[in-house]
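Just follow the structure's listing: the first ligand is 1, and inside any ligand the first atom is 1. The basis for the numbers below is simple: all heavy atoms, side chains too, and nothing from hydrogens, waters or symmetry mates. Count residues from 1 along the sequence. No experiment lies behind these values; they were computed from the predicted model shown.
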Amino acid sequence: MSINETSYAYGASKSSIREIAAYGGARKAQIGAENVFDFSLGNPSIPAPEAVRASIERSLELPPTELHGYTAGAGSMAAREAVAASLNRRFGTEYAGGDVYMTCGAAASLSITFHAVVNEGDEIIVIAPYFPEYRVWIETSGAKRVEVMADAETFQVDVEAVAAAINERTKAVIINSPNNPVGSVYSEQNLRDLARALKAAEERLGTQIYLVADEPYREITYGADVPWVPAIYDRTIVCYSYSKSLSLPGERIGWILVPNTNPDHDRLVFAIAGAGRKLGFVCAPALFQRVVVDCIDEPSDVEAYARNREALTRGLSELGYEYIEPEGAFYLWVKALEPDANAFFERAKALELLPVPSDSFGCPGWVRVGYCVSYDTIVNSMPAWKKLAESYK
Ligand code: PLP
């Protein structure tokens with residue numbers, strides 16, 4: 001049978017995160033949910049705000065054709081204007097609804113953005129460790145992925161290494177702060193240094209380099225300030241989703257912002273719309289576009305994550321594990337107790353502990369522990385973490 005082999009390979013191989021989560025689900029059915037400590041998936045454990053439910057209930061009163069009808073391809077103007085107005089209140093900007101394209105979550109935001117800017121043979125720089133699906137979205141846009149390791153100590157962007165990786169084919173750099181999988185938040189200084197390096201490269205090479213800011217965790221921080229990237233680098237495109245901030249990952253709702261300060265704004269807005277059309281990523285879910293209008297300024301409830309973070313870091317540090325202190329998102333990046341993260345994971349798995357080994361994030365020797373789980377899961381997992389550490393003594 002003649003089918004697309006690339007698509008076949010993506011479907012047949014699955015993401016390692018999802019494979020571990022599927023194993024966790026099956027294992028829970030076998031031995032009881034309370035006996036499996038599944039830290040694999042970034043599925044928020046905090047319920048969506050009450051205002052989301054109220055908004056849905058209000059929508060249900062609408063005439064069915066309105067309730068279930070198509071919006072414009074780029075989304076309803078009400079949703080796009082609500083997003084722009086909220087950003088303007090928060091960042092002192094002057095965006096308009098026309099700068100915003102509503103999407104089915106950050107996955108669609110990123111796929112569309114890459115398709116909007118990439119021509120065959122272009123390169124996109126990713127900062128490793130990175131969210132594994134970036135591979136798929138970058139490759140399918142026709143670009144080559146160029147990995148640059150984050151600073152080994154701070155996990156901030158290693159600006160010199162990025163500068164060294166740039167060439168005339170570099171079309172974009174993607175950054176994700178607060179970061180999955182490390183939990184780092186890029187400082188204003190780090191971003192200013194990066195912006196300066198990108199500008200210098202543009203001038204030297206006579207090219208344009210986009211900075212794609214993937215920000216689904218923007219509101220999930222533990223005191224850190226998350227700088228507004230378009231204020232630092234003008235050729236920025238922001239990709240966002242409500243999967244984490246409003247705990248709505250299954251509803252598939254997010255957006256792309258082409259800031260009006262981006263020098264390529266007018267053509268980019270059309271390229272984003274065209275890429276959405278090309279991919280069939282048009283008319284994001286109408287019900288949740290209305291939820292966005294109603295809940296745009298709902299605060300994220302990060303208290304439960306903060307409590308989990310405290311319990312997990314305290315517990316693991318008492319057991320002698322090394323990790324990167326997370327400033328945002330809900331992942332802890334823990335050093336494996338042997339160089340091979342997969343071998344370490346197998347030992348953890350035998351104790352019913354399910355973190356994600358770091359290789360699929362483009363970095364050897366660590367595991368990602370997602371703490372968007374119940375507090376009890378964290379507390380009850382400690383004896384298993386203890387056994388795991390002791391097995392290396
Ligand atoms: N980018 C990062 C860094 C993520 O962690 C995720 C999801 O976990 C996504 C993008 C995709 O988000 P969404 O579920 O909104 O498509």
Study note, to complete from the structure: Any heavy atom of P249 under 4.0 Å from ligand 1? The part involved is neither
Point to revise | Enumerated ligand 1 atoms positioned under 4.0 Å from heavy atoms of N176 | key: 3 (C)
Review point. With a 4.0 Å cut-off, would you call E203 and K199 a salt bridge?
Key: no
Review point. Quick check: does any side chain N or O of E202 sit under 3.5 Å from a backbone N or O of I209, one acting as donor and the other as acceptor?
Key: yes
Exercise for review: Test Y305 against every option in Y371, Y217, F330 by the ring pair (Phe, Tyr, Trp, His ring centres under 6.0 Å) rule and name the one that passes.
Suggested key: F330
Exercise for review: Answer yes or no: does an N/O atom from W137 fall short of 3.5 Å to an N/O atom of ligand 1?
Suggested key: no
Exercise for review: Can you pull out the closest protein heavy atom to atom 16 (O) of ligand 1? Residue, atom name and distance to 0.1 Å, please.
Suggested key: R252 NH2, 2.7 Å
Check your understanding: Heavy atom under 4.0 Å from ligand 1: found in A107's side chain, backbone, both, or neither?
Key -> both
Check your understanding: Looking at atom 8 (O) of ligand 1, what's its closest protein heavy atom, distance included?
Key -> K244 NZ, 2.9 Å
Review point. Okay, side chain of N190, backbone of S187: is any donor-acceptor separation there less than 3.5 Å?
Key: no
Check your understanding: So, the side chain of T103 versus the backbone of W255: is there a donor-acceptor pair under 3.5 Å, distance only?
Key -> yes
Check your understanding: If we only count N/O pairs under 3.5 Å, is S243 in contact with ligand 1?
Key -> yes
**Study point:** The one among Y242, Y134, Y240, F131 that brings a heavy atom closest to atom 9 (C) of ligand 1
**Key:** F131
Practice item. Would you check the N or O atoms of A106, main chain and side chain alike, for any that come under 3.5 Å of an N or O of ligand 1? Key: yes
Exercise for review: Just go through N179, D214, I253, N43 and tell me whose heavy atom is the nearest to atom 1 (N) of ligand 1.
Suggested key: D214
Review point. Under the 6.0 Å and 45° cation-pi test, does R347 pair with Y392?
Key: yes
**Study point:** Nitrogen or oxygen of S241 less than 3.5 angstrom from that of ligand 1
**Key:** yes
Side-chain donor-acceptor pairs under 3.5 Å in residues 157-164, sequence neighbours left out?
residue: D158; atom: OD1; partner: E160; partner atom: N; Å: 3.4
residue: D158; atom: OD1; partner: A161; partner atom: N; Å: 3.2

Check your understanding: Does E133 come within less than 4.0 Å of ligand 1, judged by its heavy atoms?
Key -> no
Review point. Looking only at heavy atoms of Y217, does any of them come nearer than 4.0 Å to an atom of ligand 1?
Key: yes
Review point. Within 45° of the six-membered ring axis of Y375 and under 6.0 Å from that ring's centre, is NZ or CZ of R307 located there?
Key: yes
Point to revise | Atom indices of ligand 1 within 4.0 angstrom of N180 heavy atoms, with elements | key: 3 (C), 4 (C), 5 (O)
Practice item. Look at R135 together with E139 and state whether they make a salt bridge at an N to O cut-off of under 4.0 Å. Key: no
